[in-house]
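We number each residue from 1, following the sequence as shown. Just so you know, ligand 1 is whichever comes first in the structure, and atom 1 is the first atom listed for that ligand. As the structure is a computational prediction, the values presented were derived from the model and not from experiment.
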Amino acid sequence: MAGSRGRAQAGDPGGTPGTRGPGTPAVRTDWAVVGAGSAGCLLAARLSAAGHRVLLLEAGPSDRHPCVRIPALFHRLFRTRRDWEFWSEPEPALGGRRLFLPRGRTLGGSSSINAMVYARGRPSDWDDLAARGCPGWAWEDILPVFRALEDNARGASAWHGAGGPLRVEDPRSPHFLSLAFVEAACRAGHPRREDFHAGSPEGAGLFQLTQRRGRRWSSADAFLRPALRHPGLDLRTGARVLDLELEGDHVTGLRFLEGAQVRRVRAEAGVLLCAGAFQSPQLLLLSGIGDPAQLEERGLRVRHALPAVGRHLQDHPAVGLHFRAATRRTLTHADRLPGALLHGLRWLLLRTGPAASNVAEAGLYARSRADLPECDLEFHFAPAMYEEHGFRRPPFHGVSYGAAFLKPRSEGRVLLRSADPLEPPAILTNTLQHPEDVEALLASVRIGRELAQTEPLASFLEEELDPGPEVQEPSELEGWLRSRVELLYHPVGTCRMGPDPAGAVVDPRLRVHGLQGLYVADASIFPRIPGGNTHAPVLAVAARAAEWILGSA
Ligand SMILES: Cc1cc2nc3c(=O)[nH]c(=O)nc-3n(C[C@H](O)[C@H](O)[C@H](O)COP(=O)(O)OP(=O)(O)OC[C@H]3O[C@@H](n4cnc5c(N)ncnc54)[C@H](O)[C@@H]3O)c2cc1C
């Protein structure tokens, strides 16, 4: 079979030598899963458990690295070979600043480099999905999915599950400053939250974490490793998918690069794209699936017109307040010698202490305006200075906290830079282009400053460093915000789900509109960004996809 058919795909990918040509004879499988990240690990596990042959292709290396295991070191993986290290285009509303956009590039994907906060989004986010014409996605449909996935250390309840693959635990050694933040938020009038998942998350508390005994519990740990014993599961690392192969409207397989070899895969049941919100749309575009005008501009043959591919990119804009601490007992320098040796030893022996911290230990969900029906801000508190993604470390002790806006109105897009599959996509986030996003984050600064004046937190803070006490006028604050805002590592929306092919990429069962044998199941399918951290919502998406593919829902 292989080689007898001409390459039925989107023209020559061009660009980097070595990615051209039809490749070696095709590997046959039932399902090809692209990307062993949050979603891909779960899907590969579920399909192989049901007896299907599954080829799971991951571009990155294995996840065997201490900074993956040890929670507090996650930011040490940024700009290493386990991070794709994307950067946005110059952002028009940020004076041309480029934003750093880390993405996991290893087994577990971004769940191997993330901050481990367990969050599900607000119930209203899921009801909104159903209201957009996506049956099966309302909160009452999704709560059982979360419960079935979960192995919560607190045990089963109406809100939580026990015995599932995804271990969720309380922090083992919460820092006293994180507790002080929660206490200050409660004294400032916010409700105390023992559990952010019992109804609305509004209020202050400690986050639960995707950890097992003080160690990261990624999607690779929860789903992939136990599934490797399934005879039908073939996992390849260092396998970078280049594009999809089509025959008419049927996706028949794909091409991937392994070392210097281009290989072909014949996927008899279908292809599942789980490459994340930047690379799933990139792969569709490279395969000639997208906005025809855009494809033609890059010299790609149009195989299937779907204008929404790469559009509607959203992420949570977030801004941090930084304070010089009045105590030397912060985690700012916890990874420096000689203290790091002690912390490392304690973690190895007991799995407690600073090394077990996920840094963003405490949270507060609040409203940016009192007249809103529900919370639209999520604060993360770090008992350490966390500036510029952890790259900038002051010579003194400090703490950082700040809010992410959960309902951003600004939308960006992912485009191809060229037809070269090895070039990073051109990502424009349009952060803070919409005035409502600016208003909400300015309100978060007011709330944050109020907390800094409230005991018991106030006594531990010596000086506001950023924005700094001199920055008070609305115009000054807005200027500061535009110079400091970042994105909270939660991109979604670029292959959005919806019933209408004119405005969506996948249908409510995650099948790509108008094509046979192609699904997208990852963060890219959310038409509106969930109101909270996105790892667990992505797992719910993958679990739903598995149920539908296997016909069990
Ligand atoms: C630094 C950071 C901190 C975060 N903190 C939190 C948090 O505390 N809590 C939370 O809930 N969420 C957090 N998130 C977000 C969350 O981790 C992501 O939303 C989620 O992991 C996305 O899952 P995904 O399956 O869509 O993509 P990913 O998990 O990113 O998986 C995509 C996979 O596809 C692979 N891939 C891409 N292109 C190709 C290709 N061409 N060929 C082969 N393989 C390919 C990638 O290498 C990757 O392994 C964070 C994310 C980051 C980056």
**Asked** Do the rings of His389 and Tyr489 sit parallel, tilted or perpendicular, given the 30° and 60° boundaries?
**Response** tilted
**Fill in**
atom 28 (P) of ligand 1: of Ser110, Gly532, Gly276, the nearest heavy atom sits on Ser110
**Asked** Any N or O of Asp522 that comes nearer than 3.5 Å to an N or O of ligand 1?
**Response** no
**Request:** Answer whether the closest heavy-atom distance between the side chains of His52 and Ile549 falls below 4.5 Å.
**Result:** no
**Asked** Near Leu57, which atoms of ligand 1 are under 4.0 Å from a heavy atom of that residue?
**Response** 43 (C), 44 (N)
**Asked** Is it true that a side-chain atom of Glu58 and a backbone atom of Leu56 form a donor plus acceptor pair closer than 3.5 Å?
**Response** no
**Request:** Could you list which atoms of ligand 1 come closer than 4.0 Å to a heavy atom of Ala239?
**Result:** 42 (N), 43 (C)
**Message:** As an exercise, identify every atom of ligand 1 less than 4.0 angstrom from a heavy atom of His490.
**Reply:** 12 (N), 13 (C), 14 (N), 15 (C)
**Message:** Under 4.0 Å from a heavy atom of Ala39: which atoms of ligand 1 are those, numbered in the order shown and with their elements?
**Reply:** 25 (O)
**Request:** Inspect the contact between Glu169 and Arg167 and indicate whether a charged nitrogen and a carboxylate oxygen are less than 4.0 angstrom apart.
**Result:** yes
**Asked** Is Arg105 in polar range of ligand 1, meaning some N or O pair under 3.5 Å apart?
**Response** no
**Item:** Under 3.5 Å: N/O of Met116 near N/O of ligand 1
**Value:** yes
**Message:** I'd like to check whether Val538 has a polar contact with ligand 1, where a contact means an N/O of the residue lying under 3.5 Å from an N/O of the ligand.
**Reply:** no
**Asked** What residue and heavy atom of the protein are closest to atom 44 (N) of ligand 1, and at what distance?
**Response** Ala59 N, 3.1 Å
**Request:** May I ask you to decide whether Asp63 forms a salt bridge with Arg225, counting only side-chain N to carboxylate O separations under 4.0 Å?
**Result:** yes
**Request:** Give the residue and atom name of whichever protein heavy atom lies nearest to atom 9 (N) of ligand 1, and the separation in Å to one decimal.
**Result:** Val117 O, 2.8 Å
**Message:** Looking at non-hydrogen atoms alone, which of Ala521, Gly60, Gly104 comes nearest to atom 48 (C) of ligand 1?
**Reply:** Gly104
**Message:** To check your reading of the model: name the closest protein heavy atom to atom 31 (O) of ligand 1, its residue, and the distance in Å.
**Reply:** Gly37 CA, 3.2 Å
**Request:** Name the closest protein heavy atom to atom 5 (N) of ligand 1, giving the residue it belongs to and the distance to 0.1 Å.
**Result:** Ala115 N, 3.1 Å
**Message:** In this structure, does ligand 1 have an atom that sits under 4.0 Å from one of the heavy atoms of Pro102?
**Reply:** yes
**Prompt:** With only distance considered, is Leu488 within less than 3.5 Å of ligand 1 through an N or O on each side?
**Reply:** no
**Prompt:** Is the closest heavy atom of Tyr118 to ligand 1 under 4.0 Å?
**Reply:** no
**Item:** Under 3.5 Å: N/O of Leu283 near N/O of ligand 1
**Value:** no
**Taking every non-hydrogen atom, the tightest pair across Ser178 and Glu361** = OG-OE1, 2.7 Å
**Asked** Quick check: does any side chain N or O of His197 sit under 3.5 Å from a backbone N or O of Asp195, one acting as donor and the other as acceptor?
**Response** no
**Message:** I'd like to know if Ser111 contacts ligand 1, where contact means a heavy-atom distance under 4.0 Å to any ligand atom.
**Reply:** yes
**Message:** Does the plane of the ring in Phe181 sit parallel, tilted or perpendicular to the ring in Phe381? Use 30° and 60° as the thresholds.
**Reply:** parallel
**Message:** To check you understand the geometry: which heavy-atom pair defines the closest contact between Ser219 and Leu539, and what is its length?
**Reply:** OG-CD2, 3.7 Å
**Request:** Considering heavy atoms of the protein only, find what lies nearest to atom 20 (C) of ligand 1 and give residue, atom and distance to 0.1 Å.
**Result:** Ser38 OG, 3.4 Å
**Item:** Enumerated ligand 1 atoms positioned under 4.0 Å from heavy atoms of Phe78
**Value:** 1 (C)
**Prompt:** Are any side-chain N or O atoms of Asp83 and backbone N or O atoms of Thr80, one a donor and one an acceptor, separated by less than 3.5 Å?
**Reply:** no
**Proximity flag Trp84 to ligand 1, non-hydrogen atoms under 4.0 Å** = yes
**Message:** Could you check whether Trp159 and Trp139 have their ring centres less than 6.0 Å apart?
**Reply:** no
**Request:** Would you mind running through ligand 1 and noting each atom that sits below 4.0 Å from a heavy atom of Ala523?
**Result:** 26 (O)
**Heavy-atom check, side chain of Leu415 versus side chain of Pro425, under 4.5 Å** = no
**Request:** Taking only Lys NZ, Arg NE, NH1 and NH2, and the carboxylate oxygens of Asp or Glu, determine whether Asp221 and Arg212 approach each other closer than 4.0 Å.
**Result:** no
**Closest protein heavy atom to atom 17 (O) of ligand 1, given as residue, atom name and distance to 0.1 Å** = Asn114 ND2, 3.1 Å
**Fill in**
Looking at Val34, Leu77, Leu56, Asn533, the heavy atom closest to atom 10 (C) of ligand 1 belongs to Asn533
**Complete:** atom 11 (O) of ligand 1 sits nearest the protein heavy atom His535 N, 2.8 Å
**Request:** Would you please indicate if the ring centroids of Phe207 and Tyr118 are separated by under 6.0 Å?
**Result:** no
**Request:** Check whether any heavy atom of Ser524 sits under 4.0 Å from an atom of ligand 1.
**Result:** no
**Prompt:** Tell me, which protein residue and heavy-atom name are nearest atom 41 (N) of ligand 1, and how many Å apart are they?
**Reply:** Val241 O, 3.1 Å
**Message:** Please confirm whether Thr106 approaches ligand 1 to less than 4.0 Å, judged on its heavy atoms.
**Reply:** yes
**Asked** Are the side chain of Asp507 and the backbone of His513 linked by a donor-acceptor contact shorter than 3.5 Å?
**Response** no
**Request:** Describe, in one word, how the ring planes of Trp126 and Phe146 are oriented to each other, choosing from parallel (under 30°), tilted (30 to 60°) and perpendicular (over 60°).
**Result:** perpendicular
**Complete:** Taking only non-hydrogen atoms of Thr534 and a 4.0 Å limit, the atoms of ligand 1 in range are 10 (C), 11 (O), 12 (N), 15 (C), 16 (C), 18 (C), 19 (O)
**Request:** Measure Gln279 to ligand 1 on non-hydrogen atoms and call it side chain, backbone, both or neither using the 4.0 Å cut-off.
**Result:** side chain
**Request:** Output yes when the distance from some N or O of ligand 1 to some N or O of Ala119 is under 3.5 Å, and no in every other case.
**Result:** no
**Prompt:** Is it true that a side-chain atom of Arg193 and a backbone atom of Glu202 form a donor plus acceptor pair closer than 3.5 Å?
**Reply:** yes
**Message:** Which option wins on minimum heavy-atom distance to atom 33 (C) of ligand 1: Cys274, Gly40, Ala536?
**Reply:** Cys274
**Message:** Does the plane of the ring in Trp84 sit parallel, tilted or perpendicular to the ring in Phe86? Use 30° and 60° as the thresholds.
**Reply:** parallel
**Asked** With the threshold set at 4.0 Å, does a side-chain nitrogen-carboxylate oxygen contact exist between Glu258 and Arg263?
**Response** yes
